[in-house]
Amino acid sequence: MSLGFDVIVVGAGHAGQEAALAAARVGASVALVTSNLDRVAHMACNCSIGGPAKGHLVCEVDALGGEIGKAADDTCTHIRMLNTSKGPAVRALRVQADKRAYEDRAKSLLETTPGVSLIQSEVAEVAVERGRVAGVTTTFGERLRSPAVVIAAGTFLNASIFYGHTSHPLGRAGEPASTVLAESLTGAGLRPLRLKTGTVPRISLRSIDTDALDRQESDPAVQGFSWRTGRPEGCVHHPCHVTRATAETIDLVKRHLADSALYGGFVRGPGPRYCPSIEAKVMRFPDKDQHTVFLEREGRGTGEIYVQGLSNSLPPEIQREILHTMPGLSEAVILRYGYAVEYDAFDPRDLTPGMESVHLPGLFLAGQVNGTSGYEEAAAQGLLAGVNAARRAGGGEGLCIPRLSGYIGVMVADLIEKGVDEPYRMMTARAVNRLHLRASSAPHRLTPLGRDMGLVGADQWADYMSQRAAVERVEAWFSGEDWPRGPAAAWPGGDWGPAPTPGRGLAELAERPHIPLSELAALAGAPYSVMQALADPRAGLEASARLKHRGYLRREQDRVSRTGDVSLRGLDFAAVAGLKAEAVERLERLQPNSLKEAAQMRGITAADLDALEVFARRAAWAEDV
């Protein structure tokens, strides 16, 4: 006997959860199969969601009706807006969540979502009939039939974890690896990659001398990720503490490099460049004599502390010694040791923009199996794979997000066009139009698309329509009004600049960086409806970004729409200002002849291309002169 579903999702991490919910919300019957129902949406590594570019992905998933942002808001223990001294394109929200509450919320939501069936089992094989997916078989021998299967297996495929030279066949501590499914997928024509990631030790709060450390407070005034949540009223606002890896720490790590799995030759797969282990840090930055480390509480009712910045693959006894060299941690007690995990992923160049395999119709992949890193990247891929799997099963049109429409589109284009040679991490520098793709604009860019797909419910749609009307009301009033003749004496001067002449356009005045939009509107006699819209944190933030940066937005659009190519022949890439070290390394090795060729290279971001174009055009101009 076999059970039939429209969609089967294998794995219940962040990718699997979003895939199952998205598929069910567009009307599919869904089986979510996982080896451990107590670890749904488990935060296996850090306890935070968001950060630069990752927070943008969370806002986009939320705009499309997904859950990761709302879940983070609902279980918040610490919240901060990062990069506040910079422009809106790179400002990013970061929320620490209660890990257990986050998992409980995820499981409860899946249990109560119509159309979702939870099954605790291990998938052994993807069934294929007539050249396309027909379902899966479990290790119990049970057959689940479906025309669409989403693989969201995280780091479990052919996985091993390493504590120094000791290894175990686990996908993460305490949970077995999946070998038979990896063999089935490879046999179906998927091209495997070997990658590495890792996690940090966890220590007891009682063993930390917090008085010796700097505190980093949570900010109760900050709005959450989700437009449906607003300010997370239930956030408990635990502080973080900040310590550092000292010169003594670094010397100790260097002396024990041969004891680590990474530098002892036991791990073959490349690790994440932008979240390196402490071993990689001391080797990559030999001139640095310290590295910042954050101590983050993993939940509301626990004293377990995540040591952010100390990922490693060293033996347990060395991990203890390292911690004891750091300020405030001389008596630190380790509750869980850090470790490295090496696992199979599959070449994402074999996917369509809808996350479907080109080798096996009906098979979709999402998350770390595509060579990405992070909860946020996984959730975005999961939502996309889930809705497209449901559409595949039901015969409807799929969801595709272009590169210029969202960071989700940037990520997918990077994956399927360039592939990966290390775990992929989203960065704002990867987007050519990042000012347009700021976090506050996510609902305006993507919620109508989510509504068309059936992902966005009536309440979210009504809220979006109200917010859109408020933003448009503010824009229309500023664009149609001039500085009045009467209240010029009320102009405060100072950072506001010189008083405007009567008749000057208010939209032009709004572009001045130090003038708050609400205060300018009040001085100019704005009607109550405009003042009310500006008082709403969501509408006010988006309206301010549009008005204050309208010139930059036009310039960005002009730059994006330019056509043509630029020669890079003979350039000294090391001399290009603004190129990061990774880009210089790759460019010098591959020597692309043109900007178009450079754009196809792995690891080359939109910001790198901007720097290359400016440098190349200046060099060409200098030769002509």
Side-chain angles (χ1 to χ4, degrees), residues 11-16 34-48 96-104 106-107 120 122 152-179 181-182 194-205 207 259-262 264 266-267 269 271-272 275-279 295-299 302-320 322-323 332-345 367-369 373-375 378 423:
H14 290 80
T34 179
S35 60
N36 188 347
L37 280 175
D38 294 325
R39 290 294 181 92
V40 173
H42 177 55
M43 303 174 91
C45 195
N46 62 18
C47 49
S48 65
Q96 290 171 30
D98 182 318
K99 285 190 172 185
R100 299 292 174 261
Y102 192 99
E103 289 179 2
D104 291 344
K107 186 181 179 187
Q120 180 166 299
E122 181 183 353
T155 62
F156 281 80
L157 300 179
N158 269 337
S160 294
I161 69 170
F162 295 85
Y163 302 88
H165 296 179
T166 301
S167 67
H168 306 282
L170 302 173
R172 58 188 177 220
E175 296 183 77
S178 175
T179 55
L181 179 57
R194 197 69 176 162
L195 298 175
K196 172 259 177 189
T197 187
T199 190
V200 308
R202 276 70 158 182
I203 62 178
S204 169
L205 175 61
S207 67
D259 296 319
S260 81
L262 181 61
F266 288 82
V267 174
C275 189
S277 65
I278 188 64
E279 303 102 302
L295 305 178
E296 302 173 345
R297 195 160 171 174
E298 294 214 314
T302 180
E304 192 165 342
I305 302 297
Y306 182 90
V307 188
Q308 175 75 271
L310 207 67
S311 173
N312 73 91
S313 61
L314 290 158
E317 63 273 14
I318 306 304
Q319 294 189 38
R320 278 196 300 271
I322 286 172
L323 283 165
V333 174
I334 297 181
L335 303 177
R336 305 174 199 247
Y337 295 106
Y339 57 85
V341 56
E342 191 178 38
Y343 58 97
D344 280 355
Q368 286 174 286
V369 293
S373 66
Y375 311 138

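Sequential numbering from 1 along the given sequence is applied to the chain's residues.
Note that OH of Y102 and CE of M43 are 5.5 Å apart. Values are rounded to the nearest 0.5 Å. Here the CD1-OG distance, from I334 to S207, works out to 9.0 Å after rounding to the nearest 0.5 Å. To the nearest 0.5 Å, atom CG of residue L323 and atom CG of residue L310 are 5.5 Å apart. S311 OG to I278 CD1: the interatomic distance, rounded to the nearest 0.5 Å, is 9.5 Å. For the atom pair CZ of F156 and CG of D344, the computed distance is 14.0 Å after rounding to the nearest 0.5 Å. Separation of atoms CG (L37) and CD (Q120) is listed at 4.5 Å; rounding is to 0.5 Å.
Ring centers of H42 and Y375: at least 6.0 Å apart, outside the cut-off.
Listed for the T302 side chain is no donor-acceptor partner under 3.5 Å among the backbone atoms of G299. Remark: side-chain polar atoms of Q96 are not paired, donor with acceptor, to backbone N or O of C47 under 3.5 angstrom.
Salt bridge present: E175 and R172 bring a charged side-chain N and a carboxylate O closer than 4.0 Å. With respect to the salt-bridge test (charged N to carboxylate O, under 4.0 angstrom), the residues E304 and R336 qualify.
Among all heavy-atom pairs drawn from L314 and D259, the shortest one is CD2-C, 4.4 Å. Nearest heavy-atom pair, S373 versus P423, reported as atom, atom and distance to 0.1 Å: CB-CB, 4.0 Å. Between A261 and G164, the closest heavy-atom pair is CB-O, 3.1 Å. The minimum heavy-atom distance linking A173 with Y339 is given by the pair N-OH, 3.2 Å. The two residues S277 and L262 come nearest to each other via the heavy atoms OG-CD2, 3.6 Å. Contact between T34 and A12 at its shortest, heavy atoms only, is CB-CB, 3.7 Å.
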(request) Let me see the working for H168 and S160 under side chain to side chain contact (heavy atoms under 4.5 Å, CB included), right down to the final yes or no. (result) CA-CA 5 Å; H168 306 282; S160 294; over 6 Å; no
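Inter-residue side-chain proximity for L157 and Y343 is flagged as unmet; no heavy-atom pair is nearer than 4.5 Å. E103 places a side-chain heavy atom less than 4.5 Å from the side chain of R39. You'll find the side chain of N312 reaches within 4.5 Å of the side chain of Q319, heavy atoms only.
No side-chain donor-acceptor contact under 3.5 Å links N46 and E296. Side-chain contact check for S313 and E279: at least one donor-acceptor pair (N or O, by modelled atom type) lies under 3.5 Å.
Residues forming a side chain to side chain donor-acceptor pair (under 3.5 Å) with R100 (at least two apart in sequence, or on another chain): none.
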N/O donor-acceptor pairs under 3.5 Å from side chains in residues 195-203, not counting sequence neighbours:
residue, atom, partner, partner atom, Å
T199, OG1, R202, NH1, 2.8
R202, NE, E298, OE2, 3.4
R202, NH1, V200, O, 2.8
R202, NH2, A44, O, 3.1
R202, NH2, C45, O, 3.0

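Y337 and Y163 have perpendicular rings, their planes meeting at more than 60° on a 0 to 90° scale where under 30° would count as parallel.
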